[in-house]
Participant: 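Can you keep this structure in mind? I'll have questions shortly.
None of these values were measured; they are calculated from a predicted model. The sequence lines fix the lettering, A, B, ..., with proteins before strands; numbering per chain opens at 1.
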Amino acid sequence: MEKNLPKTYNPKEFEEKIYRMWEENHCFKAEVDSDKKPFTIVMPPPNITGQLHMGHALDQTLQDVLTRWKRMQGFNALWLPGSDHASIATEVKVADKIRTEEGKTKEEIGREEFLKRAWEWKKNYGGRITDQIRKLGNSCDWERERFTMDEGCSKAVTEFFVRLYEKGLIYKGNRLINWCPSCATSISDAEVEHEDKKGKYYYIKYPLAENPEEHLSIATTRPETMFGDSGVAVHPDDERYRHLVGKKVILPIANRELEIVADEYPDMEKGTGAVKITPAHDPNDFLVGERHGLEQIICMNEDATMNKNAGKYNGLDRYECRKLLLKELEEKGYLIKVEETAHSVGACYRCNTVIEPMLSEQWFVKMEELAEAAIEVAKDGRLMHVPDRFEKIYLHWLENIKDWCISRQLWWGHRIPAYYCQDCGEVIVSREFPQKCKCGGKDFKQDEDVLDTWFSSGLWPFSTLGWPEKTKDLEYFYPTDVLVTGYDIIFFWVVRMVFSALEVMDEVPFKYVYVHGLVRDAQGRKMSKSLGNGVDPLEIIDQFGADALRFMLMTGITPGNDIRFKTDKLEASRNFANKLWNASRFVLMNIEGSLISGEEAKIAYKDEDKWILSRINTITEEVTANMDKFELGMAAQKTYDFIWNEYCDWYIEMVKSRLYGDDKNDKDVAIFVLIKVLKDMLKLLHPFMPFITEEIWRHLPEESSMLIKASWPKYDKGISFAAEVEKIELMMEVIRGIRNIRAEAETLPSKKLKAVISAEGKAYEYISSGERYIKSLANISEIIFADEKNQVPDDSMSAVVKSVEIYIPLDELIDFKAELERLEKEEERLKKELERVEIKLSNESFISKAPEKVVDSEKEKKKKYQDMLQKVSERLKIVRKKIG
RNA sequence: GGGCGGUUAGCUCAGCUGGUUAGAGCACUUGCUCGACAAGCAAGGGGUCGUUGGUUCGAAUCCAAUACUGCCCACCA
């Protein structure tokens, strides 16, 4: 135990210190231990190029809350951290650096040298994001930190690739892929973002070969691709064109002949019904072309300039070509009309450049079989989504999946383990560099391409635990329990982890997928660099503390929904931390000498002790239930409410008179309960606010171990003080009633007042045995019970709570006007309530059909309201008479 | 074109499997220099829960339709 807490809550003074303490004591470490049950979360690896942003803060905090909670519940909790090499993003960054610092392109530097620089870059900057993450308080096992390109993960990638290849699930083929001209690489379908943009339909004349006077009108949004045309398709049922099938048209400018083919693909209703077919630059046309054996003509280069197939436009950028081509078409009379339209355009999700569908030889993963397995585990419940609406999205995507293009024309990443014999051209896919080819050749060249980043990310849940080796870790910690991620990368990542795991591990990689939303700005906009509306978590931590940020994110969250970042919510969280800080300070300040034992305290519990113990017990049960259901926001909110509204506002206030009194033993009992409940509160709050709770914990007497290692409180069936709870709650209402009188009547002095109370039965017992609460908390000097001797004075202000009447005698000071207003308002309210209950009770079907419990409680309510109403009415009469 | 959300106090949002006087934070009003806390204390005001219809003894909660709004998916030449 340390000395008392400083006067004000200042997170900067201890957050870093506490984190260091946890790390130095290896508190985050998890090792195989067959006596304990494992709980595993594998951290979605942030990109090494990344900076910590609010999305991370949310994502990371959720994982930390779950990890800390499970650790306290006695699980062997492993949260495994790491980072992702982020192929494209890093390559772009490193290339930029080389360009600005050395004035060279990456090609000029060469592959080997470039990779050297990239690793250097990773060494210098790759740890930045993980350093930032520590500031959030993450309790991940840093001693196990992994990187997608470290030795083990790389080995896993090769192993996985080879296995899929050997099974025939990976193939190399000439297919239509998405080409990003700016990144100069292919990208997968998932990496293309579609956006509706304004565009134009250009209607172009394609004259018939045998009769140039006649023509087909062809609409296109990308006229420059006409240099890749190798046919025109019409629908076989289309009367307009039936006679032309098999004939030829002339491709304008290029002056090539194109065959007219009949195919189901064209939509007769749309455009002119005749479609130009460009197999090498459009995915649909590619299929049509395959069906009819049409030539695949590539008319663009990799940088989206036109190639020699575009004739005189060779070398021009695609859009420049479009402009000039349209001009020429118009001049030569080939352009029929131009129509405005809106159509969807695909862009690269990294650089936002419009992608170019292009025919290219790439490596692909066959998806059908893999997808089926991933669909099955969702349907049979082995994989659960929280909230479950995301399961539909997941399923829909898998059910419509196409083969996955995995090769990238980049250098930073896992190089494809395919080797080409330089003598015979044979392709060998293998784990090691091949020694000898069938043909006897020994000269091999490895494939130049690297793999899609998500190929390695897909293996993350098990490659980080040692796969392909059969490690103890893998056996013990796998499958993991929860995957926490945003809905924006379900397709990129979640799906890929699932089918990859099912393929090689034969088991789901995680049991639950907890899907969270985005953190938006105060106006509800997405935080983005271009808008400049991003909020830097590090600045927030600096200003408010990590605990406040975490708590704000957690209370604001409902699974799957976006969250708005507002400073006032942050302030509220910080204020809450301050409240807890001061309450704890108050408790510690009042400790004198040694503490009494639980047994000693137990026999001397006062009613408020029993009440608060009973309440924390209930709250513990509820919070735990919420956590079990992933209702973390609710759990945090309940803890907040209990600490502030029950412990601070009521319990501490009730106990003060005992702390300042002369009864030493009674004081010790109060201290005992104050500490006991505080401890449980700190435990419940610890997953959400780890720093402040640990810091306070360090100051508690007789606590030598850390809170992070403490055990989660359990619901105690033995604690049930129903009568005490009822009594204290009645006290609270009476006190509120008196305070209300004080507040409403402006003429009331702030000094102590007498109270005359009329109560019967249980209420009388409660109040007579609980006078001290009313005296101290409502500032009352004396309580007189009304009976034959002590009549209720007319000149008094009054309140009715439950069946208790309270009168504050005031003689000439009385503010009858205020009293009248209060009573009238009260009467009206009661009449309304009573009416509602009476209507319900006079409804026969209610009486016969509603459960007895509900009917009884309505009857009780009726009695209560009648009783109160009668009392209020009598009082009103008197006051009205007084006023005259 | 298909799918999924949201619509509750001035603002931002909670309200799980139908029964509470419909809640919180911020904002607002009034009063507090009383020994944890003004980042605070006490007492208040403010909502026909988007609209319509249905199920039910009973609907913010379940169902249907509708309006507005956001997001995701899709090969609309």
Participant: Does one side chain, of A:S845 or A:N843, offer a donor that lies under 3.5 Å from an acceptor on the other?
Facilitator: yes
Participant: RNA chain B in dot-bracket, Watson-Crick or G-U pairs under 3.5 Å, [ ] crossing, | other strand?
Facilitator: (((((((..((((.....[...)))).(((((.......))))).....(((((..]....))))))))))))....
Participant: For A:K831, what residues pass the side chain to side chain donor-acceptor pair (under 3.5 Å) criterion, not counting sequence neighbours?
Facilitator: none
Participant: More 5' along RNA chain B: A:K7 or A:Y201, using each one's nearest nucleotide?
Facilitator: A:K7
Participant: Distance-only check: which donor-acceptor pairs under 3.5 Å involve side-chain atoms of residues 396-403 of chain A, not counting sequence neighbours?
Facilitator:
from, atom 1, to, atom 2, distance (Å)
A:H396, NE2, A:N400, ND2, 3.4
A:N400, ND2, A:H396, O, 2.7
A:D403, OD1, A:M367, N, 3.0
A:D403, OD2, A:Y171, OH, 2.7

Participant: Write down the distance separating the P atoms in B:rG45 and B:rA22, rounded off to the nearest Å.
Facilitator: 13 Å
Participant: Could you identify which residues of residues 626-634 of chain A place a heavy atom less than 4.0 Å from some atom of RNA chain B, listed by residue number, or say none?
Facilitator: A:K629, A:M634
Participant: For A:K569, report the nucleic acid contact type (base, sugar-phosphate, nothing); a contact means any heavy atom under 4.0 Å.
Facilitator: sugar-phosphate
Participant: Which value, in whole Å, describes the distance between the P atoms of nucleotides B:rG46 and B:rU30?
Facilitator: 16 Å
Participant: Quick one: label A:G346 by what it contacts on the DNA or RNA (base, sugar-phosphate, nothing), any heavy atom closer than 4.0 Å.
Facilitator: nothing
Participant: Look at all strands and tell whether A:T555 reaches a base, only sugar-phosphate, or nothing, counting heavy atoms closer than 4.0 Å.
Facilitator: nothing
Participant: Answer with base, sugar-phosphate or nothing: what part of the nucleic acid does A:N578 contact at a heavy-atom distance below 4.0 Å?
Facilitator: base
Participant: Taking atom P in both B:rC63 and B:rU55, compute the distance separating them and give it to the nearest angstrom.
Facilitator: 15 Å
Participant: Does A:K337 make a cation-pi contact with A:Y203 (under 6.0 Å, within 45 degrees of the axis)?
Facilitator: yes
Participant: Would you check if A:I619 and A:F642 make a side-chain contact, meaning some heavy-atom pair closer than 4.5 Å?
Facilitator: yes
Participant: What's the shortest heavy-atom distance between A:S573 and A:M689, and which atoms?
Facilitator: O-CE, 3.8 Å
Participant: Quantified in whole Å, what is the P atom distance between nucleotide B:rU61 and nucleotide B:rU17?
Facilitator: 11 Å
Participant: Looking only at the aromatic ring of each residue, does the gap between the centers of A:Y394 and A:H385 stay below 6.0 angstrom?
Facilitator: yes
Participant: Measuring only the C1' atom in each nucleotide, how far is B:rC32 from B:rU69? A whole number of Å is fine.
Facilitator: 45 Å
Participant: Minimum heavy-atom separation for A:D263 to A:A233, with atom names?
Facilitator: CB-CB, 4.4 Å
Participant: Which part of the nucleic acid, if any, lies within contact of A:T558, taking any heavy atom under 4.0 Å across all strands shown: a base, the sugar-phosphate backbone alone, or nothing?
Facilitator: sugar-phosphate
Participant: Who passes side-chain contact (heavy atoms from CB on, under 4.5 Å) against A:E592, sequence neighbours left out?
Facilitator: A:K667
Participant: Please list, chain by chain and in numerical order, all residues satisfying side chain to side chain donor-acceptor pair (under 3.5 Å) with A:R742, sequence neighbours excluded.
Facilitator: none
Participant: Please identify the 5'-most and 3'-most nucleotides of RNA chain B with any atom under 4.0 angstrom from a heavy atom of chain A.
Facilitator: B:rC4 to B:rA77
Participant: Report the residues that fulfil side chain to side chain donor-acceptor pair (under 3.5 Å) with A:K656, sequence neighbours left out, ordered by chain and then residue number.
Facilitator: A:E653
Participant: Hey, is CG on A:D662 packed in by over 12 heavy atoms from elsewhere, all under 6.0 Å?
Facilitator: no
Participant: Side chains of residues 488-495 of chain A: which donor-acceptor pairs under 3.5 Å do they make with residues two or more places apart or in other chains?
Facilitator:
from, atom 1, to, atom 2, distance (Å)
A:W493, NE1, A:S457, O, 3.0

Participant: Remember a base hit wins even if backbone is also touched, and classify A:F491 as base, sugar-phosphate or nothing at under 4.0 Å, heavy atoms.
Facilitator: sugar-phosphate
Participant: Any base atoms under 4.0 Å from A:K861, or only sugar-phosphate, or nothing? Heavy atoms, all strands.
Facilitator: sugar-phosphate
Participant: May I ask you to say what A:K656 touches in the nucleic acid, namely base, sugar-phosphate or nothing, with a heavy-atom cut-off under 4.0 Å?
Facilitator: base
Participant: In residues 850-863 of chain A, what donor-acceptor pairs under 3.5 Å come from side-chain atoms, sequence neighbours left out?
Facilitator:
from, atom 1, to, atom 2, distance (Å)
A:S857, OG, A:V854, O, 3.2
A:E858, OE2, A:K861, NZ, 3.3

Participant: When all nucleic acid strands are considered with a 4.0 Å heavy-atom cut-off, which category describes A:A583: base, sugar-phosphate, or nothing?
Facilitator: base
Participant: Using a cut-off of 4.0 Å on non-hydrogen atoms, how would the nucleic acid contact of A:N561 be classed: base, sugar-phosphate, or nothing?
Facilitator: sugar-phosphate
Participant: By the 4.0 Å heavy-atom rule, please label A:R222 as base, sugar-phosphate, or nothing.
Facilitator: nothing
Participant: If the condition is side chain to side chain donor-acceptor pair (under 3.5 Å), which residues does A:Y773 pass it with, not counting sequence neighbours?
Facilitator: A:E608
Participant: Can you find a pair of side-chain heavy atoms, one from A:D562 and one from A:Y487, that are under 4.5 Å apart?
Facilitator: yes
Participant: Please figure out whether A:E744 or A:T220 has its closest RNA chain B nucleotide nearer the 5' end.
Facilitator: A:E744
Participant: Distance check, C1' atoms only: B:rU66 and B:rU29, in whole angstrom units.
Facilitator: 40 Å
Participant: Please give me every residue in residues 223-234 of chain A whose heavy atoms get under 4.0 Å of an atom in RNA chain B, ordered by residue number.
Facilitator: none
Participant: Considering every strand and a 4.0 Å limit on heavy-atom distances, what is the contact class for A:R742: base, sugar-phosphate, or nothing?
Facilitator: nothing
Participant: Mind checking A:D641 for me? I need base, sugar-phosphate or nothing, with any heavy atom below 4.0 Å counting as a touch.
Facilitator: nothing
Participant: What nucleic acid atoms does A:K392 come within less than 4.0 Å of, heavy atoms only: base, sugar-phosphate, or nothing?
Facilitator: sugar-phosphate
Participant: Please state the P separation for the pair B:rA59 and B:rG54 - nearest whole angstrom.
Facilitator: 12 Å
Participant: Considering only the P atoms, how many Å lie between B:rC41 and B:rA27, rounded to the nearest integer?
Facilitator: 13 Å
